[in-house]
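In what follows, a single structure is set out as C-alpha cells and then discussed.
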Amino acid sequence: MGKPSPGFDIALLDSEGNRVERGQVGEISVNAHSFPFFFVGYWNQPEKTKEKIIGKWFKTGDLAAIDKDGYYWFQGRLDDIISSAGYRIGPFEVESSLLEHEAVSEAPVIGKPDAHKGKVVKAFGVLIPVYQETEELAHELIDYVKSRLSKHQYPREIDFVEELPKTPSGKIQRYLLKKDSIQSS
C-alpha cells in the first residue's frame, strides 16, 4: 500500500484500540481529529458512528501490517477474516498464494461454516482455459498453499467455477459466495 500521505495520523490498532507492534496485523485507523482528516460521524446514525470510533481513532475496517521501513501491507478486510479453530486467517495471503500457481486466474477465499472449527477456509478457483477441473488439481492447489503458508491457512475445500459474481466495477461479491456455501452445507 505504501506510506500514509503527509499530514495523516495513521495507526494500526487491535480490537481494544491499542497499537499493534511493527510486523503485526492491525486495523488501519485514522486520527479523526487531526488535519487534514476530520470525522464527526455518520449523518443521523449515532450507532454506526459509535461502531467506527475508538477514542480519537476512526476504524476503516481494513487490515494491514507495517514493515521495518514503514510501508503498509494490505492484509484484507476485517469482515472477511476467517476464524478457524482459534486462528484468525486473512483471505488475502491464501488468495495470493493460489494466484501464484500457473493454473489459477482468480481465487477468492471465504470462511465456510464448520461444526468443529467454527469456519474452514474455502477457495473458489477460476482456471486458466488450458487447465481442466480435476480432483488431482484441487489436491495440488491445496498442497501448493500448504507448502507456502502456515498449516492452518490452507483451503480445506476448493470449488472450481467458470466465473465469479462481480459488481459492475469488477469487485468480487464474496457475500454471494458465502451465501451459496451456507446453503450447500
Side-chain angles (χ1 to χ4, degrees), residues 1-4 10-15 20-29 59-114 117-167 169-181:
M1 295 175 69
K3 293 184 176 184
I10 307 290
L12 297 184
L13 304 178
D14 63 19
S15 59
V20 299
E21 293 190 29
R22 199 171 287 262
Q24 299 296 309
V25 175
E27 185 172 3
I28 300 172
S29 302
K59 303 182 302 179
T60 66
D62 291 317
L63 299 173
I66 304 174
D67 68 15
K68 63 180 175 53
D69 298 317
Y71 287 89
Y72 285 69
W73 294 87
F74 182 73
Q75 300 295 312
R77 290 279 307 154
L78 187 60
D79 51 3
D80 289 334
I81 293 296
I82 302 162
S83 249
S84 182
Y87 291 101
R88 291 172 41 96
I89 303 164
F92 185 73
E93 277 186 295
V94 182
E95 292 168 353
S96 296
S97 183
L98 285 165
L99 289 172
E100 290 174 6
H101 191 281
E102 62 186 18
V104 179
S105 66
E106 293 182 282
V109 170
I110 64 163
K112 179 180 176 183
D114 180 80
K117 295 184 178 193
K119 291 186 179 176
V120 293
V121 177
K122 177 178 180 176
F124 294 84
V126 177
L127 299 176
I128 292 173
V130 296
Y131 287 88
Q132 297 296 314
E133 170 188 330
T134 65
E135 193 170 315
E136 292 79 21
L137 181 56
H139 289 294
E140 180 181 327
L141 292 172
I142 289 169
D143 289 340
Y144 189 81
V145 175
K146 274 184 185 179
S147 71
R148 286 160 174 69
L149 301 178
S150 298
K151 65 178 181 174
H152 60 274
Q153 291 178 291
Y154 72 91
R156 299 315 197 261
E157 188 177 323
I158 296 180
D159 280 357
F160 292 110
V161 294
E162 290 190 24
E163 64 181 9
L164 297 164
K166 295 182 180 178
T167 65
S169 64
K171 184 177 178 186
I172 296 169
Q173 295 176 311
R174 291 175 194 279
Y175 76 94
L176 292 176
L177 297 174
K178 290 175 186 176
K179 181 180 168 186
D180 289 345
S181 287

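In this chain, residues are counted from 1 in sequence order. On a predicted model such as this, the values are computed, not experimentally measured, just so you know.
A donor-acceptor contact shorter than 3.5 Å is absent between the side chain of Ser97 and the backbone of Glu93. Within the 3.5 Å criterion, the main-chain N or O of Gly61 finds a donor-acceptor partner in the side chain of Glu27.
Atom CZ of Arg156 has more than 12 heavy atoms from other residues, nucleotides or ligands within 6.0 Å. Applying the 6.0 Å contact sphere to CD of Glu21 captures no more than 12 heavy atoms from other residues, nucleotides or ligands.
Contact of the Phe160 side chain with the Leu141 side chain is registered, since non-hydrogen atoms from C-beta on lie closer than 4.5 Å. In this structure the side chain of Tyr144 never reaches within 4.5 angstrom of the side chain of Leu98, judged on heavy atoms. Within the 4.5 Å cutoff, side-chain heavy atoms of Leu177 are placed close to those of Ile172. When side chains are defined from C-beta on, His101 counts as touching Leu137, because their heavy atoms get closer than 4.5 Å.
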Trace of the side chain to side chain contact (heavy atoms under 4.5 Å, CB included) decision for Ile89 with Ile81: CA-CA 6 Å; Ile89 303 164; Ile81 293 296; over 6 Å; no
Audit row: Leu12, Gln24, side chain to side chain contact (heavy atoms under 4.5 Å, CB included) steps and yes/no: CA-CA 9 Å; Leu12 297 184; Gln24 299 296 309; over 6 Å; no
Derivation of the side chain to side chain contact (heavy atoms under 4.5 Å, CB included) call for Lys59 and Ser29: CA-CA 4 Å; Lys59 303 182 302 179; Ser29 302; 4.0 Å; yes
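Heavy-atom minimum distance, Tyr154 versus Val121: O-CB, 3.7 Å. Nearest approach of Val94 to Pro155, heavy atoms of both residues: CG1-CD, 4.1 Å. The minimum heavy-atom distance between Glu162 and Val126, with the atom names listed, is O-CG1, 3.8 Å. The two atoms that bring Val120 and Ser84 nearest to each other are CA-OG, 4.2 Å, heavy atoms only. Residues Val109 and Ala123 share a closest heavy-atom pair of CG2-CB, 4.1 Å. Heavy-atom minimum distance, Val25 versus Gln75: CG2-CG, 3.8 Å.
In this structure, CE on Met1 lies 3.5 Å from CD1 on Ile28, to the nearest 0.5 angstrom. The structure places NZ of Lys171 at 14.0 Å from CG of Leu164, a figure rounded to the nearest 0.5 Å. Ile110 contributes atom CD1, which lies 4.0 Å from atom CZ of Phe124 (distance to the nearest 0.5 angstrom). Atom CD1 of residue Ile82 and atom NE2 of residue His152 lie 10.5 Å apart, to the nearest 0.5 angstrom. Put simply, CZ on Arg22 and CG on Asp69 are 8.5 Å apart, with the number rounded to the nearest 0.5 Å. Residue Glu106 holds its CD atom at 9.5 Å from CD of Glu163, rounded to the nearest 0.5 Å.
Side-chain contact, Tyr87 with Gln153: no donor N or O sits under 3.5 Å from an acceptor N or O.
Cation-pi geometry between Lys3 and Tyr71 is satisfied (NZ or CZ under 6.0 Å from the ring centre, within 45° of the ring normal).
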